[in-house]
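This chain uses plain numbering: 1 for the first residue, then up along the sequence.
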Amino acid sequence: MQLDRRSFLRVSALGVAAAIVYPACEGSDRGTVDKPRLLDMLGADRVRAIGNRYVASTPNENTADALRSAVSKSRSQSRVPLMPRSIDDQVREDFINGHTVLVDGWVLSVTEARQAALFALSA
């Protein structure tokens, strides 16, 4: 496929626009970080208990700032530059790569455990 100058400029402009707009939209995903999908499956009390266990067993991630930083650092390791992964993608990749923890009898992705901890700390 040949790309003339006009097509190249269009594609480049779209790429630049996406790189600018996507991070601005990412702020809406913050609620997802603090509200784990586990809530729908297990309920608030169970997720809070799991989160408290995770915090107790991971002393270097026992504050909301430390947990958000850890989740953010993992998300920035995206395969596509300038476009961090969604939380769902991150959870999926945690399982694929064996980044799991056993918390209160549940095998969770590290991201899910951190989300539960954030939820527990926010209560």
Side-chain angles (χ1 to χ4, degrees):
M1 174 178 149
Q2 284 191 322
L3 197 63
D4 64 0
R5 185 182 309 167
R6 182 176 293 169
S7 298
F8 173 79
L9 290 174
R10 263 191 227 140
V11 170
S12 297
L14 285 172
V16 169
I20 291 169
V21 171
Y22 186 83
C25 295
E26 184 187 341
S28 64
D29 195 35
R30 181 170 180 182
T32 307
V33 173
D34 292 349
K35 186 176 181 229
R37 283 189 178 259
L38 292 174
L39 285 171
D40 296 334
M41 294 180 279
L42 305 177
D45 292 337
R46 190 73 171 138
V47 172
R48 195 171 291 111
I50 289 169
N52 286 327
R53 279 284 167 103
Y54 182 78
V55 167
S57 68
T58 316
N60 60 333
E61 294 183 10
N62 63 359
T63 66
D65 288 340
L67 289 161
R68 280 193 191 95
S69 176
V71 170
S72 177
K73 187 182 290 185
S74 295
R75 290 183 72 198
S76 67
Q77 298 169 355
S78 175
R79 294 180 187 151
V80 179
L82 299 174
M83 298 190 84
R85 294 176 287 186
S86 72
I87 292 293
D88 291 339
D89 289 342
Q90 186 174 343
V91 167
R92 212 172 293 114
E93 286 186 31
D94 281 353
F95 279 111
I96 290 168
N97 296 320
H99 296 137
T100 58
V101 291
L102 182 63
V103 182
D104 205 23
W106 293 91
V107 176
L108 304 170
S109 82
V110 173
T111 302
E112 287 176 313
R114 288 173 174 155
Q115 283 186 288
L118 274 168
F119 181 75
L121 290 174
S122 68

- Message: I'd like to check Leu42 versus Ile50 (side-chain heavy atoms, cut-off strictly below 4.5 Å). Are they in contact?
- Response: yes

- Compare all side-chain heavy atoms of Thr58 with those of Asn60 and state whether any distance is below 4.5 angstrom. yes

- Task: Run the salt-bridge test on Arg37 and Asp40 with the 4.0 Å N-O cut-off and return the result as yes or no.
- Result: no

- Task: Rounded to the nearest 0.5 Å, what's the gap from CZ on Arg114 to CG on Leu121? Could you check?
- Result: 13.5 Å

- Item | Validation row: Val71, Gln90 side chains within 4.5 angstrom (heavy atoms) | yes

- Item | Heavy-atom donor-acceptor pair, Thr63 side chain to Ala66 backbone, under 3.5 Å | yes

- Only counting residues at least two apart or in another chain, list the ones meeting salt bridge (charged side-chain N to carboxylate O under 4.0 Å, His left out) with Asp104. Arg46, Arg53

- Message: I'd like to check Leu108 versus Leu102 (side-chain heavy atoms, cut-off strictly below 4.5 Å). Are they in contact?
- Response: no

- Message: Is the shortest side-chain heavy-atom distance between Gln115 and Ile87 below 4.5 Å?
- Response: yes

- Message: Tell me the closest heavy-atom pair linking Arg48 and Ala120, and the distance in Å.
- Response: O-CB, 3.5 Å

- Item | Where Ala44 and Leu39 come nearest, the two heavy atoms and their spacing | CA-CD2, 3.6 Å

- Message: Please give me the minimum heavy-atom distance between Leu67 and Ala117, naming the atom from each residue.
- Response: CD1-CB, 3.5 Å

- Query: Can you find a pair of side-chain heavy atoms, one from Lys35 and one from Phe119, that are under 4.5 Å apart?
  - Reply: no

- Donor-acceptor pair, side chain of Asn52 and main chain of Ala49, under 3.5 angstrom: no

- Message: Starting from Ile96, can I reach Val110 by hopping between I/L/V/M/F/W/Y residues whose side chains sit under 4.5 Å apart?
- Response: no

- Query: Distance-only, no hydrogens or angles: does the Ser57 side chain make a donor-acceptor pair with backbone N or O of Tyr54 under 3.5 Å?
  - Reply: yes

- Item | Minimum side-chain heavy-atom gap Asp94-Thr100 below 4.5 Å | no

- Message: For a side-chain contact (heavy atoms from CB on, under 4.5 Å) check, start with the C-alpha distance between Val55 and Glu61, then their side-chain angles and the critical distance, and finish with the verdict.
- Response: CA-CA 6 Å; Val55 167; Glu61 294 183 10; over 6 Å; no

- Residue pair Pro59 / Asn62: nearest heavy atoms and the distance that separates them: O-CG, 3.1 Å

